[in-house]
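To start, the structure under review is shown below, and the notes come after it.
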Amino acid sequence: MRLGIIGLPQSGKTTIFNALTRGDRPTAMTGGRVEVHTAVVDVPDTRLDRLVEIYHPKKISPAKVIYADIAGLNGSANGNSNGNKGEISGELINHLATMDGFLHVVRCFPDESVAHIMGSVDPQRDIANMDTELLLSDLIVVERKLERLGEERKKGGRDKAAIEREQELFTRLQAHLSEEKPLREMELTPEELKSLSSYSFLTLRPMLVVLNLAEGQDAPDVSGVTSYDEVVALQGQLEMEIAQLLPDEAKEFLQEYGITEPSLNRMIQVSYDLLGLQSFFTVGEDDCHAWTVERGSTARRSAGTIHSDLEKGFIRAEVVSYEDLSSLGSLAKAREAGKLRVEGKEYIVKDGEIMHVLFNV
Ligand SMILES: Nc1nc2c(ncn2[C@@H]2O[C@H](COP(=O)(O)OP(=O)(O)OP(=O)(O)O)[C@@H](O)[C@H]2O)c(=O)[nH]1
Ligand SMILES: [Mg+2]
């Protein structure tokens, strides 16, 4: 699963990317150039920490998400402060199209020494501009498709009913986008969604707004701008500095500031949720492992993420909730207490459950 970090130039994308990766990429101006950096990031999970406490495994395997720092969008669909209007370049679209969701970093920090492309700091305006830019990009795709369908219909060739069905769908998309509403807010059937999957519509993907605050700054109210799914606020620069400290130093630092958990962790968890993902665990002295599955996955499908043999030869799974295992302290005790359930292949696995799969190939 891949999440794209987008935002206006100099909004703090690379700063937050560095915080995520404990990296130190230069946060210098990319000058509007398209530039992409990718990294695999562990999803922090206090439940996995607790399981590690119980098992002391040789190996710890957290869930992972890929983040990409994507520079190059400039929110200029409506014209920027220089009056420049622009379409998103093909190169940039290609990068954006490979993402499963977006984190929109919005500058809130005031800093005279960091130039703002719009000449002033205004989070509401920047959110709206980015939304519009993505929306217009989708609208262009829809309108081109409608033109082509019109021509196809005149020429004949393909099945007329199929063309009409597509025309009907794309006309609905056009109407929706024209009302400045992202496609993810549209009611689409699974078949329609599937037929759209080859078009890489940007506003179909989930969107998390990340308010990048200065140290001690209160988060502005952006509830009036409604087209994102979730919003988190964090102090980008501070989070980056914490991430670059050694773990012990970071702990001390957090205590000093009275922070129980860095907001960055929350941002990662929220983005994981936003992608419709959940974790289940396998435990043992060799490995405590968080596995990623889509919410609503069956036990058999989930077993397949561990290994395809487990899916093919699935017999049954022993399942215990995280809460029960955490309080009872071992699978054996959970079994004694009758908390270890035996579930079949169609069982819908819940977030945080610990699973032991029995299989035969
Ligand atoms: N004061 C302050 N400065 C910040 C903060 N976050 C980023 N900056 C500064 O803002 C500038 C831009 O930050 P970057 O992280 O490079 O921003 P970007 O979005 O990656 O910029 P481009 O790659 O050019 O689009 C740098 O000089 C950062 O040091 C913050 O939370 N507070
Ligand atoms: Mg950058």
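As the structure lists them, so they are numbered: ligands from 1, and atoms in each ligand from 1. Here the structure is a predicted model, which means the values were calculated and not measured.
- Of all atoms in ligand 1, numbered sequentially from 1 with element shown, those under 4.0 Å from a heavy atom of Asn212 are 5 (C), 6 (N), 31 (O).
- At least one heavy atom of Leu213 sits less than 4.0 Å from an atom of ligand 1.
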Quiz prompt | Residues Lys345, Glu311; criterion salt bridge (charged side-chain N to carboxylate O under 4.0 Å, His left out); working and verdict | solution = CA-CA 9 Å; Lys345 59 178 190 246; Glu311 187 167 1; over 6 Å; no

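- Asp126 and His104 share no side-chain donor-acceptor pair at under 3.5 Å.
- Considering backbone and side-chain atoms together, Ala214 places no N or O closer than 3.5 Å to any N or O of ligand 1.
- Judged by the shortest distance from any of its heavy atoms, Gly7 lies outside the 4.0 Å radius around the atoms of ligand 1.
- Interface of Pro9 with ligand 1, defined as ligand atoms under 4.0 Å from a residue heavy atom, comprises 25 (O).
- Not a single heavy atom of Gln235 sits closer than 4.0 Å to an atom of ligand 1.
- Contact annotation for Thr14 and ligand 1: heavy atoms of both the backbone and the side chain come within less than 4.0 Å of the ligand.
- At a threshold of 2.8 Å, the Mg ion (ligand 2) has no backbone or side-chain N, O or S atom of Thr15 nearer than that distance.
- Of the listed residues (Gln10, Arg25, Glu241), the one carrying the non-hydrogen atom nearest atom 11 (C) of ligand 1 is Gln10.
- Counting non-hydrogen atoms of neighbouring residues, nucleotides and ligands closer than 6.0 angstrom, the CZ atom of Arg266 reaches no more than 12 such neighbours.
- Looking at Gln174 and Glu143, their side chains do bring a donor and an acceptor atom within 3.5 Å of each other.
- Counting the atoms of ligand 1 from 1 in the order shown, those under 4.0 Å from a heavy atom of Asp111 are 1 (N).
- Scored by the ring-ring contact (aromatic ring centres under 6.0 Å, His included) test, Tyr199 finds Phe170, Phe201 as partners (sequence neighbours excluded).
- With sequence neighbours left out, Glu168 forms a salt bridge (charged side-chain N to carboxylate O under 4.0 Å, His left out) with Arg172.
- Shortest non-hydrogen contact noted between Pro206 and Arg184 is CA-CD, 4.2 Å.
- Close approach of ligand 1 to Val114 is summarised as follows: ligand atoms under 4.0 Å from at least one heavy atom of the residue are 10 (O), 11 (C).
- Inspection of the Ser326 and Arg50 side chains reveals an N or O donor paired with an N or O acceptor under 3.5 Å.
- In summary, the atoms of ligand 1 found under 4.0 Å from a heavy atom of Lys13, numbered by their order in the structure, are 15 (O), 17 (O), 18 (P), 19 (O), 20 (O), 21 (O), 22 (P), 25 (O).
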